Amino acid sequence: MPPEGVDLSPKSHLLTFEEIERLARLFVRHGVRKIRLTGGEPLVRKEVTTLIRAIGDIHDLETLAITTNGILLKRFLPELKEIGVNQLNVSLDTLSREKYQKITLRDDFERTIQGINAALSAGFSTVKVNCVVMKGINEDELTDFVSWTEYLPIEVRFIEFMPFSGNHWKTEGFVSFHEQFERITKKFALEKVTGAENETAVNYRVPGFIGQVGFIPSMTNAFCGSCNRLRITADGNLKVCLFGAYEVCLRDLMRDGASDEALEQAIAMAVQRKKPAHAGMLNLVDLENRPMILIGG
């Protein structure tokens with residue numbers, strides 16, 4: 001988040017709960033089995049649990065997930081558990097309170113840790129912790145994160161720093177999957193864990209540890225060929241690739257009276273335009289795209 005903050009979108013530009021639920025039902029009808037609410041921070045939206053409950057009630061949906069910064073997680077956990085959320089991802093780039101404050105411009109480190117611990121106590125089988133690795137900031141903490149998995153059923157996922165508008169991405173700040181792996185294996189032995197066919201992370205476990213670690217090599221070993229993810233932004237645009245500027249405004253189609261069949265056709269055409277691979281990190285930094293903080297979904 002930039003120090004000056006961001007301009008909030010007018011409420012009229014955002015999808016209503018009814019519009020989000022309509023799209024969710026449409027996608028599940030066509031085979032989607034996992035829906036994730038992310039952001040930004042999804043838990044700051046007023047009465048968000050009403051939306052989550054509606055999505056969780058959709059027949060044939062198997063996984064209802066939330067990605068959160070964890071600050072409000074402890075407060076929402078009982079209701080999230082009750083309405084069917086069965087996967088949690090918490091964004092946490094450091095185990096240092098001082099670094100946390102520098103990265104997030106907030107002094108909420110303890111609330112995030114409390115949220116993770118509360119989720120584990122609430123019986124979530126796995127809590128995933130997303131850590132974006134940045135040189136000179138947190139690459140020295142990789143083994144500390146791995147140590148965290150010894151006694152806790154968490155999955156720490158190390159994510160390569162990705163270029164987006166406004167995030168000051170530079171090659172000097174980039175730590176590749178191979179560098180991360182090499183640094184960790186100087187202290188810990190890692191054994192491969194078989195994942196799902198469309199898994200974004202390459203998963204490993206330290207023998208004897210309860211949790212596991214994953215690497216998301218979006219830049220150096222892109223998984224575009226097996227990617228089956230679609231994203232709908234908070235203002236209703238369909239993105240078939242996180243790194244692509246091409247978007248289809250489903251919000252306007254719905255508000256213009258489009259039938260489900262017309263929406264399905266627009267979605268199918270967008271998916272068919274999906275490129276076999278993104279442009280690569282050295283090219284992505286120069287391409288026009290939304291800042292990550294404005295993509296949401």
Side-chain angles (χ1 to χ4, degrees), residues 33-43 52 55-56 61-74 76-77 80-81 84-95 100 103-104 108-109 111-134 138 141-162 177 180-181 184 188 190-206 209-218 221 223 226-229 231 242 292 295-297:
R33 294 295 175 261
K34 178 178 181 178
I35 292 178
R36 173 184 305 282
L37 299 177
T38 178
E41 173 50 52
L43 297 181
I52 298 171
I55 295 175
L61 182 67
E62 297 172 359
T63 302
L64 179 56
I66 290 180
T67 295
T68 170
N69 62 25
I71 295 173
L72 300 174
L73 186 55
K74 187 176 180 180
F76 278 93
L77 268 173
L80 294 179
K81 185 76 173 177
V85 173
N86 49 19
Q87 187 182 104
L88 290 172
N89 288 51
V90 181
S91 300
L92 180 65
D93 296 329
T94 178
L95 297 175
Y100 181 99
I103 293 169
T104 67
D108 288 316
F109 176 74
R111 292 175 69 186
T112 301
I113 296 297
Q114 289 171 11
I116 293 171
N117 290 333
L120 294 170
S121 298
F124 282 90
S125 58
T126 299
V127 176
K128 297 182 179 181
V129 177
N130 295 340
C131 173
V132 177
V133 184
M134 298 164 282
N138 63 352
E141 297 186 69
L142 292 175
T143 55
D144 295 333
F145 273 103
V146 176
S147 296
W148 211 16
T149 69
E150 183 171 4
Y151 301 109
L152 295 175
I154 61 174
E155 179 184 326
V156 178
R157 310 201 311 169
F158 299 117
I159 304 171
E160 289 183 336
F161 189 25
M162 297 175 281
F177 155 60
Q180 297 170 27
F181 190 87
I184 291 170
F188 296 107
L190 293 178
E191 60 181 20
K192 191 80 173 287
V193 177
T194 302
E197 181 181 355
N198 299 107
E199 180 64 70
T200 58
V202 184
N203 297 310
Y204 293 84
R205 175 180 283 112
V206 178
F209 283 23
I210 295 175
Q212 64 183 44
V213 298
F215 300 88
I216 301 182
S218 306
N221 190 21
F223 42 82
S226 61
C227 177
N228 63 350
R229 286 153 178 78
R231 182 180 296 254
L242 187 61
M292 187 62 180
I295 290 178

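From a predicted model like this one, the values you see are computed outputs, not experimental measurements. Below, all heavy atoms of this structure are taken into account, side chains as well, without hydrogens, waters or symmetry copies.
Proximity of Asn203 to Glu155: side-chain heavy atoms (C-beta onward) are separated by under 4.5 Å at one or more points. Residues Val85 and Phe124 form a side-chain contact, since some pair of their non-hydrogen atoms from C-beta on lies under 4.5 Å apart. Side-chain contact between Lys34 and Gln87 is present, with heavy atoms from C-beta onward closer than 4.5 Å. With contacts defined as side-chain heavy-atom distances shorter than 4.5 Å, the pair Pro42/Thr67 does not qualify. At a threshold of 4.5 Å between non-hydrogen side-chain atoms, the residues Phe177 and Val133 do not count as touching. When side chains are defined from C-beta on, Leu73 counts as touching Leu88, because their heavy atoms get closer than 4.5 Å. When side chains are defined from C-beta on, Ile66 counts as touching Ile52, because their heavy atoms get closer than 4.5 Å. You'll find the side chain of Ile113 reaches within 4.5 Å of the side chain of Leu92, heavy atoms only.
Taking each heavy atom of Lys81 and Ala122 in turn, the nearest pair found is CE-O, 3.6 Å. A pairwise comparison of heavy atoms in Leu64 and Gly84 identifies CB-O, 3.9 Å as the closest pair. Minimum heavy-atom separation, Val193 to Tyr204: CG2-C, 3.7 Å. In terms of heavy-atom proximity, Glu41 sits nearest to Gly70 at OE1-N, 4.3 Å. Pro153 and Leu120 get closest at one heavy-atom pair: CG-CD2, 3.8 Å. For the residue pair Cys131 and Asn138, the shortest heavy atom distance occurs at SG-ND2, 3.7 Å.
Considering CG of Asn69 and CG of Asn89, their distance stands at 12.5 Å, rounded to 0.5 Å. In this structure, Ser91 OG and Ile103 CD1 are separated by 11.5 Å, a value rounded to the nearest 0.5 Å. Taking CD1 from Ile55 and CG from Leu37, the interatomic distance works out to 4.5 Å, rounded to the nearest 0.5 Å. Arg231 contributes atom CZ, which lies 5.5 Å from atom OG1 of Thr38 (distance to the nearest 0.5 angstrom). For the atom pair NZ of Lys128 and CD1 of Ile154, the computed distance is 13.0 Å after rounding to the nearest 0.5 Å. Considering CD1 of Ile216 and CG of Asn130, their distance stands at 6.0 Å, rounded to 0.5 Å.
Neither side chain, Gln212 nor Thr149, offers a donor N or O lying under 3.5 Å from an acceptor on the other.
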Intermediate values then yes/no, side-chain contact (heavy atoms from CB on, under 4.5 Å), Phe76 and Thr68: CA-CA 11 Å; Phe76 278 93; Thr68 170; over 6 Å; no

Stepwise side-chain contact (heavy atoms from CB on, under 4.5 Å) test for Glu141 and Thr94: CA-CA 7 Å; Glu141 297 186 69; Thr94 178; 2.6 Å; yes

Derivation of the side-chain contact (heavy atoms from CB on, under 4.5 Å) call for Ile184 and Phe158: CA-CA 11 Å; Ile184 291 170; Phe158 299 117; 3.6 Å; yes

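Residues passing the salt bridge (charged side-chain N to carboxylate O under 4.0 Å, His left out) test with Asp93: none are found, sequence neighbours excluded.
The aromatic rings of Phe209 and Phe188 sit perpendicular, their planes meeting at an angle over 60°, well past the 30° parallel limit.
Of the possible polar contacts, none joining the Gln180 side chain to the Leu142 backbone as a donor-acceptor pair under 3.5 Å is found.
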